[in-house]
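Have a look at the structure below, then the notes.
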There are 2 protein chains.
Amino acid sequence: MMSLMPRKAGEFLAGTPAHGSLRLDEQLCFALYAASRSVVALYRPLLEALGLTYPQYLVMLFLWERGPTPVKDLVTALQLDYGTLSPLLKRLEAAGFIERRRRSDDERCVQVVLTPAGRDLKVAAGAIPPRIVSAYDLTAEEFDALRATLVRLTASVAGEETPAG
Amino acid sequence: MMSLMPRKAGEFLAGTPAHGSLRLDEQLCFALYAASRSVVALYRPLLEALGLTYPQYLVMLFLWERGPTPVKDLVTALQLDYGTLSPLLKRLEAAGFIERRRRSDDERCVQVVLTPAGRDLKVAAGAIPPRIVSAYDLTAEEFDALRATLVRLTASVAGEETPAG
DNA sequence: CCGGCTTAGATCGTGTGCAACTCAATCGTG
DNA sequence: CACGATTGAGTTGCACACGATCTAAGCCGG
């Protein structure tokens, strides 16, 4: 049963887990950090067979879905830095999965385009999500709820930087 | 309202989000990856004031809680590799927060011990969790549920490696 | 006591992440 | 048009993560 006045996570109440403690096993941040690395580790052997790392796979997902894309949109969508993406894209290009072209109407902008090899990879990649999801041991409801909560958490945390000033 | 037979996340049902799709925004893995990095980014400025990085902070949390510890226990608790922890501990030692000593009764084992400076840091670190938790914008119930789900996810995913064979 | 096995830890190479810096192309304004 | 500001992208340096390899210390059967 739930209280009608849901307490804020920061509040102290008797008998309540200490959300503000310094205990490692009570930290949400560590649970998040460990879960993220565990899931990436689950992908690793499957992606290795395709010649991709996990962040490279995220880039390919975006390209398969959206087609040719300026680097800027990858920065936004993946919430990654140019300092991370530039060398990553260089490696994807060296592997023959993408090409990078300066746009003629704006020479600042670099378009990222799939090569045929990059497009072909999508078929093999289709086998990955089912294998991952089956390892999760979550119901579809838990899956959806977890994802929704994480998206909301990311938004509230990342949005702090520009607090409507 | 919920079904009496909760569907498994991998199953396909009409009108159901495609948990096995290749759409970036439907991937739990990406939500996890983005949330983890966002939360670490939230810690970064607070930890920088203490002279710590985020993984270094996790090590300090463990040491504040448990006292002198062999490196092996840090490997287990943080689910990190010696290849990650060895240089990290070397940096913590160079910063003057810890010391490393070979144990006399087993020369293979390296004990990690807090220095006075390392112990003192705990006081300043006490101010961090409340500030983080207040930025989450989660109720205490959501906080607990999220952490529990993540811990379970990590266990089910990491446990796959040794399936009682 | 000895050779083989296991264990605890370190090192190296590759690939991220991210901050700081640089650079070229474009834009806005006078 | 000139010129400073902005934008899109790349480079560099540092600190993770992780696989692979290495070493030294303990363990164990014969």
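The analysis underlying the following values was restricted to heavy atoms, covering all of them including side chains, and did not include hydrogens, waters or symmetry mates.
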Mind calculating the distance between [atom1] ([X]) and [atom2] ([N]) to the nearest angstrom?
{"X": "Arg91(B)", "N": "dA10(C)", "atom1": "CZ", "atom2": "C1'", "value": "13 Å"}
{"X": "Arg101(B)", "N": "dA25(D)", "atom1": "CZ", "atom2": "P", "value": "20 Å"}
{"X": "Leu58(B)", "N": "dC16(D)", "atom1": "CG", "atom2": "P", "value": "10 Å"}
{"X": "Arg108(A)", "N": "dG8(D)", "atom1": "CZ", "atom2": "C1'", "value": "6 Å"}

Handout entry: Presence of Ser86(B) side-chain N/O under 4.0 Å of dA10(C) phosphate oxygens OP1/OP2
Key =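 For Ser86(B), the contact criterion (side-chain N or O under 4.0 Å from OP1 or OP2 of dA10(C)) is met.
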Exercise for the section: Return no unless some side-chain N or O of Arg37(A) is found under 4.0 Å from OP1 or OP2 of dC18(D). Expected result: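 Yes.
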Counting the atoms with a prime plus P, OP1 and OP2 as sugar-phosphate, which does [X] contact under 4.0 Å by heavy atoms, base, sugar-phosphate, or nothing?
{"X": "Thr84(B)", "result": "base"}
{"X": "Leu88(A)", "result": "sugar-phosphate"}
{"X": "Arg100(A)", "result": "sugar-phosphate"}

Problem - Enclosure of Arg101(B) CZ (heavy-atom neighbours >12, cutoff 6.0 Å) - result: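 Counting neighbours around CZ of Arg101(B), 12 or fewer heavy atoms of other residues, nucleotides or ligands fall under 6.0 Å, so no.
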Exercise for the section: Hey, which sits more toward the 5' end of DNA chain C by its nearest nucleotide, Pro55(A) or Asp105(A)? Expected result: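 It is Pro55(A) whose nearest nucleotide is closer to the 5' end.
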Problem - same_hphob_cluster(Leu28(A), Val151(B)) at 4.5 Å side-chain heavy-atom cutoff - result: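 Shared cluster, no.
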Handout entry: Proximal nucleotide (of dA9(D), dA20(C), dA15(D)) relative to the Gln56(B) side chain
Key =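 Minimum distance to the Gln56(B) side chain belongs to dA15(D).
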Exercise for the section: Compare the minimum distances between each of dC16(D), dT11(D), dC18(C) and the side chain of Leu80(A), then state the nucleotide with the smallest one. Expected result: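 My answer, after comparing the listed nucleotides, is dC18(C).
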Problem - Result of checking Arg108(A), Arg102(A), Arg103(A) against Asp106(A) for salt bridge (charged side-chain N to carboxylate O under 4.0 Å, His left out) - result: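 Testing Asp106(A) for a salt bridge (charged side-chain N to carboxylate O under 4.0 Å, His left out) against Arg108(A), Arg102(A), Arg103(A) leaves exactly one candidate, Arg108(A).
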Problem - Approximate separation, where rounding is to 0.5 Å, of Cys29(A) SG and Leu42(B) CG - result: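 So the SG of Cys29(A) and the CG of Leu42(B) are separated by 10.0 Å.
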